[in-house]
Chemist: 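The structure follows.
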Amino acid sequence: MTIFNYIACILLIVLGLYAVCTQKNLLKTIIGLSIIDYGVNLLIVSTGFNDGGSVPVYQMSDLLNGVSAQFFVDPVPQALTLTSIVIGACVNAMSLAIVVMIKKKYGSINVDDVRRLRG
């Protein structure tokens, strides 16, 4: 199952990069950046996955019996992913607000039409 997650991560990141590099529409570019963000989040969560692992909560009996830490899922990637999701939502909101302002000022969201921004 983990190999499938890594393949999905690579496909999402490549699809997002393709959208960012080939699209002239700013909204499609933002969607491509979001897809890259989803792929990276899936990659981070997949690295912290431990097949057959349990919740990383130690009890006193576990510590006395010498339970190995390899049976627990790493919580750090989950925390990083949660932070990344919040940051990604804020970046998307700011990007869409900038696109709305570009549409108001120039009447288009096509990159070629907006190229006249050269100071």
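The shown structure was predicted, so the numbers you read here are calculated from the model rather than taken from an experiment.
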Chemist: Linking I/L/V/M/F/W/Y whenever any side-chain heavy atoms sit under 4.5 Å apart, do Val14 and Ile7 land together?
Modeler: no
Chemist: Quick one: side chain to side chain donor-acceptor pair (under 3.5 Å) pairs with a partner in residues 85-104, sequence neighbours left out?
Modeler: Ser34-Asn92
Chemist: Which residue pairs satisfy the side chain to side chain donor-acceptor pair (under 3.5 Å) criterion with at least one member in residues 12-24, sequence neighbours excluded?
Modeler: none
Chemist: Verify the cluster assignment for Ile98 and Ile109: are they in a single hydrophobic cluster under the rule of side-chain heavy atoms below 4.5 Å apart?
Modeler: yes
Chemist: Taking only residues two or more places apart in sequence, or in another chain, which ones meet Lys28 in a salt bridge (charged side-chain N to carboxylate O under 4.0 Å, His left out)?
Modeler: none
Chemist: Val99, Val114: one ILVMFWY side-chain cluster at the under-4.5 Å cut-off?
Modeler: yes
Chemist: Determine whether Val86 and Val91 fall in the same hydrophobic cluster, where Ile, Leu, Val, Met, Phe, Trp and Tyr are linked whenever their side-chain heavy atoms lie under 4.5 Å apart.
Modeler: no
Chemist: Report the hydrophobic cluster partners of Ile36, with the cluster defined as I, L, V, M, F, W, Y residues connected by side-chain heavy atoms closer than 4.5 angstrom, directly or transitively.
Modeler: Ile13, Leu17, Val20, Leu33, Val40, Ile44, Val76, Leu80
Chemist: Please find the pair of heavy atoms, one from Tyr6 and one from Thr47, that lie closest to each other, and give the distance.
Modeler: OH-CA, 3.8 Å
Chemist: Show every salt bridge (Lys or Arg N to Asp or Glu O under 4.0 Å) that has at least one partner inside residues 33-50, sequence neighbours left out.
Modeler: none
Chemist: Apply side-chain hydrogen bond (donor to acceptor under 3.5 Å, both in side chains) to Ser108 and list each qualifying residue two or more places apart in sequence or on a separate chain.
Modeler: Asp113
Chemist: Find the distance between CG (Leu27) and CG (Leu96) and round it off to the nearest 0.5 Å.
Modeler: 6.5 Å
Chemist: Treating Ile, Leu, Val, Met, Phe, Trp and Tyr as nodes and any side-chain heavy-atom pair under 4.5 angstrom as an edge, say whether Leu11 and Leu15 lie in one connected cluster.
Modeler: no
Chemist: Please give me the minimum heavy-atom distance between Cys9 and Ser46, naming the atom from each residue.
Modeler: SG-OG, 4.5 Å
Chemist: Do you know the tightest heavy-atom contact between Asn5 and Leu42?
Modeler: O-CD2, 3.9 Å
